[in-house]
J.: 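I'd like to ask some things about the structure below.
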Number of protein chains: 2
Amino acid sequence: MRMSGGVEWAVHCCVALTDVDRPVPAATLARLHDVSMSYLAKHMQALARAGLVRSVQGKAGGYALTRSPGDITVLDIVIAIEGADPQFTCTEIRQRGPLAASPEDCLRACAVHRAMLAAEQAWRESLRGVTVADLATTVDRDSGPDVLRGVRAWLTASAS
Amino acid sequence: MRMSGGVEWAVHCCVALTDVDRPVPAATLARLHDVSMSYLAKHMQALARAGLVRSVQGKAGGYALTRSPGDITVLDIVIAIEGADPQFTCTEIRQRGPLAASPEDCLRACAVHRAMLAAEQAWRESLRGVTVADLATTVDRDSGPDVLRGVRAWLTASAS
DNA sequence: GGCGCGCTACTCGGATACGTCTTGTCCGAGTACGACTGG
DNA sequence: CCAGTCGTACTCGGACAAGACGTATCCGAGTAGCGCGCC
């Protein structure tokens with residue numbers, strides 16, 4: 001039940017890409033956060049495959065958000081990095097052993113499975129309720145609007 | 001974000017141990033569910049370390065619940081197997097790189113961290129709301145009371 | 001001076017090693033029951 | 001017949017390998033901009 005560390009990087013990158021019109025290379029994002037360039041590139045590719053960011057090749061290329069930050073939820077990013085597989089996989093343990101239940105009695109998910117599914121659903125709903133725009137607003141409210149403004153200025157300055 | 005498969009085994013074992021007065025050996029539980037005896041024993045040891053079950057050695061030994069099934073939540077079992085570590089670990093990425101925030105500005109958790117914490121909290125609350133007794137009641141309601149009665153009879157019969 | 005072409009440098013993308021954690025298994029330590037022996 | 005003691009068989013407990021996944025890195029494919037040459 002440990003979440004991949006790349007999720008944190010990906011979310012921070014999406015927040016940094018807010019309100020930046022030009023594509024930002026992965027190397028620039030890596031320098032901004034002082035992390036491995038190659039490894040961050042891997043996660044950005046995952047975001048691109050999921051359709052959250054578009055990749056532009058060539059001299060002035062890089063990554064840019066495909067849609068408004070208000071339309072990108074944290075859940076989208078987590079799924080893009082971690083995959084869409086559910087965290088709990090029911091192996092239908094009740095259909096095994098000497099007291100195995102018949103398959104027609106197992107049309108509905110077992111009680112354990114349903115409890116796990118409900119918890120996971122609550123987790124997803126919570127993540128779905130937070131967008132990248134919300135995060136940017138929160139950072140502005142916490143640390144003042146100069147922080148994100150400085151990030152944007154630094155990104156555009158590094159691009160030139 | 002994948003949950004250990006041993007959690008499913010542990011939860012089912014706790015449900016099976018409901019209303020069984022005598023200790024049940026790990027080998028019997030393994031035969032009941034048709035799983036690896038050695039590996040299940042490992043998980044039962046984890047439950048014992050967490051204080052959810054007590055282990056009795058010797059000829060008529062085995063595992064038994066330490067408290068009422070209504071006082072054992074699914075979250076207790078998940079923590080016993082998976083550990084208490086949070087699923088998301090914040091590496092304080094905002095304090096790194098050329099635009100690093102000062103430590104005194106980071107007394108509160110960052111926005112990303114808070115969003116993840118809230119989601120995990122929702123997940124935990126959902127799991128905390130379901131007890132082993134609830135699961136047993138649900139099974140009785142779904143498949144009839146004969147299923148769990150049969151399990152208890154089989155466990156006591158295998159003990160003799 | 002304007003246009004077309006080739007080059008270069010920069011970007012992403014996937015394929016490739018390494019470390020760590022989960023999974024799976026085994027054997028040794030400990031204990032309660034049962035049988036045996038002596039009073 | 002009863003009590004103490006020994007032996008045995010059964011239990012848990014932790015230590016020991018194997019596989020899978022996440023982590024980290026590298027090099028090749030592709031493309032957009034830029035400069036040069038030609039008209």
Side-chain angles (χ1 to χ4, degrees), chain A residues 1-10 13 17 22-31 33-64 66 78 80-83 85 87-89 91 93 155 158-160, chain B residues 1-10 13 17 22-31 33-64 66 78 80-83 85 87-89 91 93 155 158-160:
Chain A
M1 273 303 292
R2 219 182 71 263
M3 184 177 290
S4 164
V7 172
E8 183 186 12
W9 298 6
C13 284
L17 288 176
R22 278 193 288 183
V24 179
T28 304
L29 289 169
R31 274 196 301 273
H33 296 119
D34 188 28
V35 296
S36 161
M37 136 78 188
S38 306
Y39 193 30
L40 178 62
K42 185 181 186 69
H43 294 312
M44 295 308 292
Q45 291 166 23
L47 292 182
R49 271 192 296 271
L52 299 181
V53 301
R54 65 186 167 88
S55 63
V56 180
Q57 280 193 341
K59 198 171 181 98
Y63 292 99
T66 55
V78 171
I81 301 295
E82 295 269 319
D85 298 334
Q87 48 189 228
F88 180 84
T89 56
T91 61
I93 210 174
L155 288 179
S158 298
S160 62
Chain B
M1 275 302 292
R2 218 180 73 263
M3 183 178 289
S4 166
V7 173
E8 183 185 11
W9 298 7
C13 284
L17 288 177
R22 277 194 289 184
V24 178
T28 304
L29 289 169
R31 273 195 301 273
H33 296 120
D34 189 26
V35 296
S36 162
M37 135 77 187
S38 306
Y39 194 29
L40 179 63
K42 187 181 186 67
H43 294 310
M44 295 308 293
Q45 290 165 23
L47 292 182
R49 270 192 297 271
L52 300 181
V53 301
R54 64 187 168 87
S55 63
V56 180
Q57 280 194 343
K59 199 173 181 95
Y63 292 99
T66 54
V78 172
I81 302 294
E82 296 269 320
D85 297 334
Q87 48 189 229
F88 180 84
T89 56
T91 61
I93 209 175
L155 287 179
S158 296
S160 65

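Every chain is numbered from 1 and lettered A, B, ... according to where its sequence line falls, protein lines coming before strand lines. Note that these values count all heavy atoms, side chains included, but never hydrogens, waters or copies made by symmetry.
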J.: Please give me the minimum heavy-atom distance between Met37(B) and Ala30(B), naming the atom from each residue.
T.: CA-CB, 3.6 Å

J.: Would you mind reading off the distance between Met37(B) atom CE and dC27(C) atom P, rounded to a whole angstrom?
T.: 13 Å

J.: Out of curiosity, Asp34(B) CG to Leu40(B) CG, how far, rounded to the nearest 0.5 Å?
T.: 11.5 Å

J.: Strictly below 4.0 Å: does Ser36(A) bring a side-chain N or O up to OP1 or OP2 of dT25(D)?
T.: yes

J.: How is Ser38(B) classified with respect to the nucleic acid when contacts are heavy atoms under 4.0 Å: base, sugar-phosphate, or nothing?
T.: base

J.: Look at all strands and tell whether Ala41(A) reaches a base, only sugar-phosphate, or nothing, counting heavy atoms closer than 4.0 Å.
T.: nothing

J.: Are the side chains of Val24(B) and Tyr63(B) in touch, meaning some heavy atoms are under 4.5 Å apart?
T.: no

J.: Where the side chain of Lys59(A) is concerned, which of dC10(C), dG22(D), dG24(C) is the nearest nucleotide?
T.: dC10(C)

J.: Provide, to the nearest angstrom, the distance between the NZ atom belonging to Lys42(A) and the P atom belonging to dG22(D).
T.: 11 Å

J.: NA contact type, Arg49(A), heavy-atom cut-off 4.0 Å: base, sugar-phosphate, or nothing?
T.: sugar-phosphate

J.: Specify the residue among Met3(B) and Gly58(A) whose closest nucleotide of DNA chain C lies further upstream toward the 5′ end.
T.: Gly58(A)

J.: Please report the distance, rounded to the nearest Å, between CZ in Arg54(A) and C1' in dT31(D).
T.: 15 Å

J.: Please confirm whether the shortest side-chain N or O distance from Tyr63(B) to OP1 or OP2 of dG13(D) is below 4.0 Å.
T.: yes

J.: Which nucleotide in the set dG14(D), dT31(C), dT23(C) lies at the smallest distance from any side-chain heavy atom of Gln57(B)?
T.: dT31(C)

J.: Of the candidate nucleotides dG13(D), dG14(C), dT22(C), which contains the atom at the shortest distance from the side chain of Ala48(B)?
T.: dG13(D)

J.: Mapping Ala60(A) and Ala26(B) onto DNA chain D by nearest heavy atom, which one lands closer to the 5' end?
T.: Ala26(B)

J.: Tell me the interatomic distance from His43(A), atom NE2, to dC12(C), atom P, rounded to whole angstroms.
T.: 15 Å

J.: How many whole angstroms separate atom CD1 of Ile81(B) from atom C1' of dC21(C)?
T.: 16 Å

J.: Does Ser55(B) put a side-chain nitrogen or oxygen below 4.0 Å from OP1 or OP2 of dG13(D)?
T.: yes

J.: To check you understand the geometry: which heavy-atom pair defines the closest contact between Ala46(A) and Ala80(A), and what is its length?
T.: CB-O, 3.8 Å

J.: Is the backbone N or O of Met1(A) less than 3.5 Å from a side-chain atom of Gln87(A), with the two atoms forming a donor-acceptor pair by type?
T.: no

J.: Closer than 4.0 Å, any side-chain N/O of Tyr39(A) to the OP1 or OP2 of dT23(D)?
T.: yes

J.: Can you check the Gln45(B) CD to dA15(D) P distance for me, whole Å?
T.: 11 Å

J.: Please find the pair of heavy atoms, one from Gly6(B) and one from Ile81(B), that lie closest to each other, and give the distance.
T.: C-CG2, 4.3 Å

J.: Please work out if Gly62(B) contacts a base, only the sugar-phosphate, or nothing of the nucleic acid, heavy-atom cut-off 4.0 Å.
T.: sugar-phosphate

J.: Roughly, in whole Å, what's the span from CZ in Arg2(B) to P in dA20(D)?
T.: 11 Å

J.: Could you check which of dA24(D), dT11(C), dG14(D) has an atom nearest any side-chain atom of Pro25(A)?
T.: dT11(C)

